[in-house]
Amino acid sequence: MSLTQSPFGQTSGGAPVDCFTLTNNNGVVAKLTTYGARLVELHAPDRSGRLADVILGYDSLAGYLGKDPYFGATVGRYANRIAGGRFTLNGVTYDLAKNNGPNTLHGGKVGFDKRVWRAQPNQSADRTSVTFMYHSADLEENFPGNLSVTVVYTLTDANELTIDYTATTDKPTIVNLTNHSYFNLKGAGQGTILDHVLALRADHYTPVDDTLIPTGQIALVKGTPFDFTSPHRVGERIDQVKGGYDHNFVLGGQGGALRPAARVEEPVTGRVLEISTTQPGVQFYSGNFLDGSIHAIGGTYVKHGGFCLETQHFPDSPHHANFPSTVLNPGQTYRQTTTLRFSTT
Ligand code: GAL
């Protein structure tokens, strides 16, 4: 196992940004940066042992400061959408930035993805990790409460990358954290993900309106293009879904316990990604807004050139009493754990 630190660039305000490269004994590499506590590269072996970087990203900070659809980022304080750019908590209404049509997306104008985090690397015999820390001040992006957040990425020799999140607050607030990596198991820039075969442990999903806000309904996937309870090619039924997949799936099993959520297999390289999480939901996004205008690590990112599986609480939870609550009160600790496991067939 090895862990190295190197400079990644400077923000426009002159803040230095670092990178950490974690390598396990099988050659699996995870590269992380303090800018947005992001995953920048993730190299996994194919069935003949050849490594490729399987996530989309830039090779220097300058790329992330330009056109960035949240590549590999830690997203918060509230990942996904909040309808109408406002929510009410304990009788007080908070107006947020409307940075996605009429709605708030991924924490507002300057979310956690655009902040420089502090970092603490750690290494032991069988694991190597980096702890990222960020203090989100009271009323930053107009969310109430001073929020202390940690995100720990841990790489093991089992070819597992675990992401552990915690957060505490000094006033009631709302929290929803996720990682926004775009995967292409053929390798970043190697065409679309439409031939990847996806299985999701979700009997239900949350249908949305035209602005991608949940209607509140928890609908059965059975008999719809959203049924991935048995494996399907992503592209098989995507034409039946207006705009492509960009939906929250309701995960089965006991929320709060780490349990399997998704399995993705790429038939040509044999690479398999399995995701487990403690979260109640996962946003399956099929890279619909990628349009070939980004040229970064591995080549050009075409439409459907990557997919995201964002483990999370449901979008717009503050407006839906029937969704699991995203309220965090003083004295409580928000926790979420998600594990990415790579293997081959
Ligand atoms: C996803 C979201 C998409 C899109 C994307 C960023 O999490 O569901 O609608 O906004 O982020 O381009």
Side-chain angles (χ1 to χ4, degrees), residues 1-11 15-25 28-43 55 57 61 64 70-79 106-107 110-137 140 145-170 173 175-181 256 258 275-279 310-312 328 331-342:
M1 292 255 175
S2 76
L3 201 170
T4 59
Q5 185 172 353
S6 54
F8 199 50
Q10 276 194 357
T11 63
V17 169
D18 279 340
C19 245
F20 294 88
T21 304
L22 285 51
T23 309
N24 77 4
N25 289 317
V28 170
V29 173
K31 191 169 168 182
L32 306 163
T33 176
T34 51
Y35 185 70
R38 288 168 194 249
L39 192 51
V40 175
E41 295 178 26
L42 188 52
H43 298 246
I55 61 165
L61 179 64
Y64 294 99
Y70 306 91
F71 286 145
T74 295
V75 177
R77 175 179 309 202
Y78 194 97
H106 293 335
V110 187
F112 292 0
D113 59 295
K114 295 176 189 66
R115 306 282 177 179
V116 179
W117 296 53
R118 287 182 297 125
Q120 175 66 54
N122 291 293
Q123 209 181 343
S124 67
D126 61 341
R127 57 191 54 227
T128 168
S129 68
V130 179
T131 301
F132 292 100
M133 291 150 280
Y134 180 64
H135 177 85
S136 172
E140 178 184 285
N146 286 291
L147 192 75
S148 295
V149 189
T150 66
V151 179
V152 188
Y153 289 86
T154 306
L155 180 66
T156 71
D157 279 334
N159 294 355
E160 269 183 6
L161 183 72
T162 296
I163 314 175
D164 288 298
Y165 308 71
T166 63
T168 54
T169 184
D170 64 353
T173 190
V175 181
N176 190 26
L177 303 178
T178 194
N179 178 274
H180 206 291
S181 289
L258 189 66
I275 299 183
S276 298
T277 188
T278 57
Q279 292 299 283
E310 302 152 56
T311 54
Q312 60 174 5
L328 182 71
Q332 298 176 325
T333 301
Y334 165 93
R335 288 179 205 283
Q336 100 108 308
T337 297
T338 295
T339 295
L340 313 177
R341 182 170 176 273
F342 290 92

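- With contacts defined as side-chain heavy-atom distances shorter than 4.5 Å, the pair Val151/Ile163 qualifies.
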task: Could you walk me through whether Asn159 and Arg341 pass the side-chain contact (heavy atoms from CB on, under 4.5 Å) test, one step at a time?
output: CA-CA 6 Å; Asn159 294 355; Arg341 182 170 176 273; 5.8 Å; no
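- Counting only heavy atoms from C-beta outward, the side chains of Val152 and Val130 never approach each other to under 4.5 Å.
- Across all their heavy atoms, Leu32 and Val40 have their closest contact at C-CG2, 4.3 Å.
- With a 4.5 Å cut-off on side-chain heavy atoms, Thr21 and Leu3 do not count as touching.
- Counting heavy atoms from C-beta on, the side chains of Arg115 and Val110 come closer than 4.5 Å.
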field: Worked verdict on Thr311 versus Thr338 for side-chain hydrogen bond (donor to acceptor under 3.5 Å, both in side chains)
entry: CA-CA 7 Å; Thr311 54; Thr338 295; 2.7 Å; yes
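- Arg77 pairs by the side chain to side chain donor-acceptor pair (under 3.5 Å) definition with Ser136, Thr173, not counting sequence neighbours.
- With sequence neighbours left out, the side chain to side chain contact (heavy atoms under 4.5 Å, CB included) criterion links Ser2 to Thr23.
- Of all heavy-atom pairs between Ala37 and Thr74, the closest is O-OG1, 2.8 Å.
- Inter-residue side-chain proximity for Tyr334 and Thr169 is flagged as unmet; no heavy-atom pair is nearer than 4.5 Å.
- Between the Gln312 side chain and the Asn176 main chain, no donor and acceptor come within less than 3.5 Å of each other.
- The two residues His135 and Asn146 come nearest to each other via the heavy atoms NE2-OD1, 3.2 Å.
- Ile55 contributes atom CD1, which lies 7.5 Å from atom CD of Glu41 (distance to the nearest 0.5 angstrom).
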task: Step by step, work out the side-chain contact (heavy atoms from CB on, under 4.5 Å) result for Leu147 and Thr168.
output: CA-CA 6 Å; Leu147 192 75; Thr168 54; over 6 Å; no
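- Residues Glu310 and Asn179 come closest through the heavy atom pair CG-O, 3.9 Å.
- Here Gln120 pairs with Asn122, Thr131, Met133 under the side chain to side chain contact (heavy atoms under 4.5 Å, CB included) rule; sequence neighbours left out.
- Shown are Thr162, Thr154, Thr156; of these, the side chain to side chain donor-acceptor pair (under 3.5 Å) with Thr339 is made only by Thr162.
- Leu155 CG to Glu160 CD: the interatomic distance, rounded to the nearest 0.5 Å, is 9.5 Å.
- Within the model, atoms OG of Ser181 and CG of Leu39 stand 4.0 Å from one another, a figure rounded to the nearest 0.5 Å.
- Under the 4.5 Å side-chain criterion, counting only non-hydrogen atoms from C-beta, Thr33 is not in contact with Phe20.
- Residues passing the side chain to side chain donor-acceptor pair (under 3.5 Å) test with Gln10, sequence neighbours excluded: none.
- Taking the side chain as every heavy atom from C-beta outward, Phe132 and Thr150 never approach each other to under 4.5 Å.
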message: Tyr35 vs Asp18, test: side-chain hydrogen bond (donor to acceptor under 3.5 Å, both in side chains). Steps then yes/no.
response: CA-CA 8 Å; Tyr35 185 70; Asp18 279 340; over 6 Å; no
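- Note that OG1 of Thr178 and OH of Tyr70 are 13.0 Å apart. Values are rounded to the nearest 0.5 Å.
- Of all heavy-atom pairs spanning Thr166 and Arg335, the tightest one is CG2-NH1, 3.9 Å.
- Nearest heavy atom pair, residue Leu61 against residue Val17, reads CD2-CG2, 3.7 Å.
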message: Is there a side-chain contact (heavy atoms from CB on, under 4.5 Å) between Phe342 and Leu340? Walk through the geometry before answering.
response: CA-CA 7 Å; Phe342 290 92; Leu340 313 177; 4.2 Å; yes
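- Here Ser6 pairs with Cys19 under the side chain to side chain contact (heavy atoms under 4.5 Å, CB included) rule; sequence neighbours left out.
- Atoms OG and CG, on Ser129 and Leu161 in that order, are 10.5 Å from each other to the nearest 0.5 Å.
- Side chain of Asp170 to main chain of Gly145: no donor-acceptor pair is present (N/O by atom type, distance under 3.5 Å, no hydrogens or angles).
- The aromatic ring centres of Phe71 and His180 sit 6.0 Å or more apart.
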message: Could you walk me through whether Met1 and Asn25 satisfy the side-chain contact (heavy atoms from CB on, under 4.5 Å) test, starting with their C-alpha distance in whole Å, then the side-chain angles of each, then the deciding distance to 0.1 Å, before giving a yes or no?
response: CA-CA 5 Å; Met1 292 255 175; Asn25 289 317; 4.1 Å; yes
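- Residues passing the side chain to side chain donor-acceptor pair (under 3.5 Å) test with Thr337, sequence neighbours excluded: Asp164.
- Less than 6.0 angstrom separates the ring centroid of Tyr134 from the ring centroid of Phe112.
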